[in-house]
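Quick notes on the structure that follows.
Here the structure is a predicted model, which means the values were calculated and not measured. In the text below, chain A, chain B and the rest are named by the order of the sequence lines, each starting its count at 1.
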Amino acid sequence: MTRTCQALVMLCAAGLHMPAFAGEGEDLIARYTAEARAADPAFAGFSAARGEALHRSRHGGGKPDTPACTSCHGEDARTAGRTRAGKAIEPMAVSVSPTRYTDAAKVEKWFKRNCTEVLGRECSAREKGDWLAWMMKQ
Amino acid sequence: MTTNIIRPLAVGIAALAVTALLLGRAQAGDDEYYPPVTDKLTLQECGSCHLAFPPSMLPGASWKRMMGDLQNHFGDDASVDADTAAAITRYLTLNAGDAPGHASKLLRGMKPGEAPLRITELPKWAREHREVPKTDWTRKDVGSKANCTACHIDAAKGYFEDD
């Protein structure tokens, strides 16, 4: 009986959590949209395909041992990645890690660190939005 | 009369045996146990890229040096905001290997005043790992000397026995 109750409570909690998450992800998309528009008035929306290309491409300019996002995150965004120091990285795909993008400050911190490592510069708002759009589709 | 003497004696011997066993175990494990990070912020900030190394593995001066230059953290920019850095530094130095009440065995053999940044450069660390073949370090699932957990499976819990 208690088991059933617990399961019910968890199900309800999960149900309540979903819309909250979608809101957070959309908040970030809204934020990057505004920033992208400010940078380029001709901005016409994010593209998951561009996001995927950004994620998979081997870029120059960053550190030699991390030429691509996939160097640490792996080829499949739905599975865990691994840092060079051997620590597991939670999957990036929203379908697998639904609470991944609920803390905007955390997302920004990692974009800054990781874009610098891989691209040798910070990512633009358009790049961040493209990438996030792809992860939200995954 | 005899039972009156034998009983306390037996109890005493049993107690001694248990104590000796426990002491023996504690001593055997002492060398390899380094209390893991319990501070949430430190665990979160230091533990996302690598094992959040136990603070007692380095002296306080090392932690201060490290936390003072997070922009150049072994080739990565690991900078955090000033408040976060101050809080983490406080935790690490309070629990450092040479903090009052701590006498970390890993710091044995260090020259006074030294503040190394790499745990792997400590004389005791080098001694403990001298038998590890070079080919083990380059294995794909090891990859880095910072990857303690590859061999010490319970490293995150503070246990660094020879596995």
Side-chain angles (χ1 to χ4, degrees), chain A residues 24 59-77 79-94 96-124 127-128 131-132 135, chain B residues 36-37 40-54 57-58 66 69-85 87-88 117-120 125 129 132 136-157 160 163:
Chain A
E24 294 280 355
H59 306 271
K63 288 167 57 179
D65 50 350
T66 53
C69 306
T70 52
S71 308
C72 293
H73 291 292
E75 292 299 326
D76 184 354
T79 59
R82 189 168 177 271
T83 71
R84 281 162 305 130
K87 192 97 187 187
I89 309 173
E90 244 189 282
M92 305 311 288
V94 169
V96 189
S97 308
T99 57
R100 202 87 168 94
Y101 308 100
T102 50
D103 179 347
K106 190 177 170 190
V107 173
E108 277 291 288
K109 181 180 96 174
W110 286 105
F111 265 135
K112 184 169 180 280
R113 282 186 183 175
N114 295 348
C115 289
T116 309
E117 265 196 47
V118 172
L119 302 156
R121 59 168 174 83
E122 288 192 33
C123 285
S124 67
E127 286 170 325
K128 292 186 224 177
W131 187 90
L132 197 57
M135 286 309 166
Chain B
V37 170
K40 212 180 142 201
L41 190 63
T42 308
L43 207 54
Q44 181 191 306
E45 291 298 337
C46 306
S48 5
C49 295
H50 54 71
L51 171 75
F53 300 110
M57 287 193 165
L58 283 174
M66 186 150 357
D69 191 17
L70 284 181
Q71 299 95 293
N72 300 297
H73 189 66
F74 305 99
D76 284 343
D77 180 356
S79 45
V80 293
D81 64 76
D83 287 347
T84 305
I88 293 174
L117 295 180
R118 290 179 190 275
I119 294 166
T120 52
W125 190 95
H129 295 83
V132 179
D136 276 11
W137 296 117
T138 49
R139 256 168 45 193
K140 216 182 162 208
D141 57 334
V142 178
S144 155
K145 281 188 180 172
N147 187 7
C148 311
T149 318
C151 302
H152 305 285
I153 46 168
D154 279 329
K157 290 179 192 150
F160 292 82
D163 288 305

Practice problem: Applying disulfide (SG to SG under 2.5 Å), name anything that partners B:Cys46, two or more places apart in sequence or on another chain. | Solution: none

Practice problem: Name the member of B:Ala78, B:Gly143, B:Cys148, B:Ala150 that forms the most heavy-atom pairs with chain A at distances under 4.5 Å. | Solution: B:Ala78

Quiz item: How close do A:Ala85 and B:Cys49 get, heavy atom to heavy atom, and via which atoms?
Solution: CB-O, 3.5 Å

Short of 3.5 Å, which donor-acceptor contacts do chain B and chain A share? List atoms and distances.
| residue | atom | partner | partner atom | Å |
| --- | --- | --- | --- | --- |
| B:Glu45 | OE1 | A:Lys109 | NZ | 2.6 |
| B:Glu45 | OE2 | A:Lys109 | NZ | 3.2 |
| B:Gly47 | O | A:Lys87 | NZ | 3.2 |
| B:Cys49 | O | A:Thr83 | OG1 | 2.6 |
| B:Gly75 | O | A:Lys63 | NZ | 3.0 |
| B:Asp76 | OD1 | A:Lys63 | NZ | 2.1 |
| B:Asp76 | OD2 | A:Arg84 | NH2 | 3.1 |
| B:Ala78 | O | A:Arg113 | NH2 | 3.1 |
| B:Ser79 | O | A:Arg113 | NH2 | 3.1 |
| B:Asp141 | O | A:Arg82 | NH2 | 2.8 |

